[in-house]
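First the structure, in the form of C-alpha cells, and then the observations on it.
All values reported here derive from a predicted model rather than from experimental measurement.
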Amino acid sequence: MTNELGVNPTTDPDVVVEFRAVGKRFGQLQALRNINLTVRRGEVIVIVGPSGSGKSTLCRTINRLETIDEGSILIDGHPQPSEGKALHKFRTEVGMVFQSFNLFAHKSILDNITLAPRKVLGRDKASTRARALELLDMVGIRSKANALPIQLSGGQAQRAAIARALAMDPKVILFDEPTSALDPEATQDVLAVMRRLAEGGTTMIVVTHEMSFAKSCADRVVFMADGVILEVADPETFFSAPKSPRAQDFLSSVH
C-alpha cells in the first residue's frame with residue numbers, strides 16, 4: 001500500500017536506509033543517477049570513488065541536506081518528510097559527522113553534546129550530562145568536557161562531533177570524509193573511534209578515502225564514479241578482484 005507521498009513503504013524491518021532509483025542534478029550536471037541501495041541495521045557501508053563521483057552528495061541526500069530530483073529515500077521504511085516539524089524530527093534520527101566538525105564555537109564541548117538532546121528530545125539536564133560524559137569517555141576526550149572547540153586539536157574536535165551525533169541515539173550515522181582535514185595521527189585517533197562504533201553494531205554510512213578503514217570495518221564497499229554506483233561488494237572481493245575497469249584504475253591509483 002502506498003502512503004500519501006505515493007511511495008510503497010519498506011517491509012523488511014532490518015532495512016534502515018533504502019534508495020530507490022534516486023537522481024540528483026545540479027543544473028546540467030547529473031550528480032546522482034539511478035541510485036539503488038539498501039543499508040541494513042548494524043551494517044557499515046563505506047562509499048569510495050574518485051573525487052567528484054557523487055559520494056558526498058549521496059550522503060547528504062539521506063538527511064535531506066540535498067534534495068533529490070528523482071526516486072525516493074526511505075528511513076526505517078518511511079519516506080523522508082519534505083518540510084516542517086516532520087523533517088526536523090526526521091533529522092534527529094539521522095546523525096551526521098561533517099569534514100569541518102561544525103561545533104558551536106561559543107559553547108563548551110559538554111554543552112555542544114547536551115544541547116540537542118535537551119532542546120529537541122526534551123531530556124533532562126542530569127541524564128544528558130551523564131550520557132555526554134560517557135560518550136566523551138568513549139571517544140577519549142573526557143578531560144576536554146569544559147573546553148571550547150578552539151582549545152581542541154582537529155582530531156579532538158572531530159571526536160567531539162562524533163560524540164554529539166551519538167548523543168541523539170540516531171538510527172544511522174553518516175560520516176562525510178570525517179578525516180580529510182586531519183593530520184595522520186589525528187586521522188588514526190578518529191578511525192579508532194569509528195572502528196569501535198562499527199564493532200559495537202552502529203549503523204554507519206561512511207564516505208572516505210581511507211582504504212584501510214574500508215578494508216577492516218566495512219560490511220560492504222560501494223564504489224561510485226560519475227554519479228553512478230558501479231560496484232557493491234564485501235571488502236575482500238572489492239579490493240582483491242574489482243569487476244569494473246573504473247574500480248580497477250581507482251584502486252591502482254590509491255595503492
Side-chain angles (χ1 to χ4, degrees), residues 26 31-32 44-66 91 94-113 115-116 132 135-168 170 172-198 202-218 221-225 227 250-251 253-255:
F26 294 105
L32 298 175
V44 178
I45 298 292
V46 177
I47 305 173
V48 302
S51 296
S53 59
K55 306 183 302 293
S56 289
T57 300
L58 183 149
C59 190
R60 290 168 64 86
T61 62
I62 296 170
N63 64 353
R64 221 169 179 274
L65 289 176
E66 298 286 359
R91 283 181 172 152
V94 181
M96 183 89 181
V97 178
F98 299 89
Q99 297 178 31
S100 54
F101 324 137
N102 286 21
L103 298 168
F104 292 113
H106 63 291
K107 292 186 178 294
S108 71
I109 297 305
L110 190 64
D111 285 344
N112 265 279
I113 296 170
L115 182 64
L135 290 169
L136 287 172
D137 255 341
M138 190 271 288
V139 301
I141 55 168
R142 181 170 176 145
S143 64
K144 302 295 184 181
N146 295 314
L148 293 173
I150 198 172
Q151 297 171 301
L152 272 59
S153 69
Q156 291 169 338
Q158 192 61 293
R159 284 183 277 162
I162 292 172
R164 179 183 58 183
L166 289 168
M168 295 295 284
V172 57
I173 300 186
L174 316 175
F175 293 84
D176 184 10
E177 299 279 14
T179 60
S180 63
L182 305 179
D183 63 41
E185 184 177 359
T187 291
Q188 292 311 309
D189 290 341
V190 170
L191 291 177
V193 170
M194 293 171 64
R195 285 190 179 96
R196 287 199 293 274
L197 293 179
T202 301
T203 308
M204 300 162 61
I205 300 173
V206 183
V207 174
T208 186
H209 290 290
E210 297 292 336
M211 296 300 113
S212 62
F213 179 83
K215 289 177 182 177
S216 63
C217 293
V221 177
V222 174
F223 176 73
M224 293 186 68
F250 172 76
L251 289 174
S253 72
V254 297
H255 284 163

What is the distance from atom CD of Gln156 to atom CG of Leu182, rounded to the nearest 0.5 Å?
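That separation rounds to 11.0 Å.
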
What pair of heavy atoms forms the shortest contact from [X] to [Y], and how long is it?
{"X": "Ala225", "Y": "Ser53", "result": "CA-CB, 3.6 Å"}
{"X": "Arg164", "Y": "Phe101", "result": "NH2-O, 2.8 Å"}
{"X": "Val207", "Y": "Cys59", "result": "CG2-CB, 3.8 Å"}
{"X": "Ala105", "Y": "Pro149", "result": "O-CD, 3.6 Å"}

Check each of Val44, Ile47, Val94 against Ile205 using the side-chain contact (heavy atoms from CB on, under 4.5 Å) test, and report the only one that passes.
Ile47

Only pairs at least two apart or in different chains count here, so list each salt bridge (Lys or Arg N to Asp or Glu O under 4.0 Å) that has a residue in [range].
{"range": "residues 181-193", "answer": "Arg159-Asp189"}
{"range": "residues 47-59", "answer": "none"}
{"range": "residues 97-109", "answer": "none"}

Quick one: side-chain contact (heavy atoms from CB on, under 4.5 Å) partners of [X], sequence neighbours excluded?
{"X": "Thr203", "result": "Val16, Val39, Arg41, Val172"}
{"X": "Ala218", "result": "Val46, Val221, Pro235"}
{"X": "Thr202", "result": "Ile173, Leu197, Met204"}

Going by side chain to side chain donor-acceptor pair (under 3.5 Å), name the residues that satisfy it together with [X], two or more places apart in sequence or in a different chain.
{"X": "Asp176", "result": "Ser56"}
{"X": "Arg196", "result": "none"}
{"X": "Gln99", "result": "Ser180"}
{"X": "Glu177", "result": "His209"}

Can you list everything that forms a salt bridge (Lys or Arg N to Asp or Glu O under 4.0 Å) with Arg60? Sequence neighbours excluded, please.
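Arg60 satisfies salt bridge (Lys or Arg N to Asp or Glu O under 4.0 Å) with Glu66 only.
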
If a pair satisfies side-chain hydrogen bond (donor to acceptor under 3.5 Å, both in side chains) and one of its residues is in residues 138-148, list it, with sequence neighbours excluded.
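Non-adjacent pairs meeting side-chain hydrogen bond (donor to acceptor under 3.5 Å, both in side chains): Asp137-Arg142.
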
For the pair Thr208 (side chain) and Glu210 (backbone), establish whether a donor and an acceptor sit closer than 3.5 Å, ignoring hydrogens and angles.
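Yes; judged by distance alone, with no hydrogens or angles, the pair exists.
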
So does Asp111 get a backbone contact from the side chain of Ser108, meaning a donor-acceptor N/O pair under 3.5 Å?
yes

Near Phe104 CZ, under 6.0 Å, is it more than 12 heavy atoms from other residues, nucleotides or ligands?
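No - once you tally the heavy atoms of other residues, nucleotides and ligands closer than 6.0 Å, there are 12 at most.
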
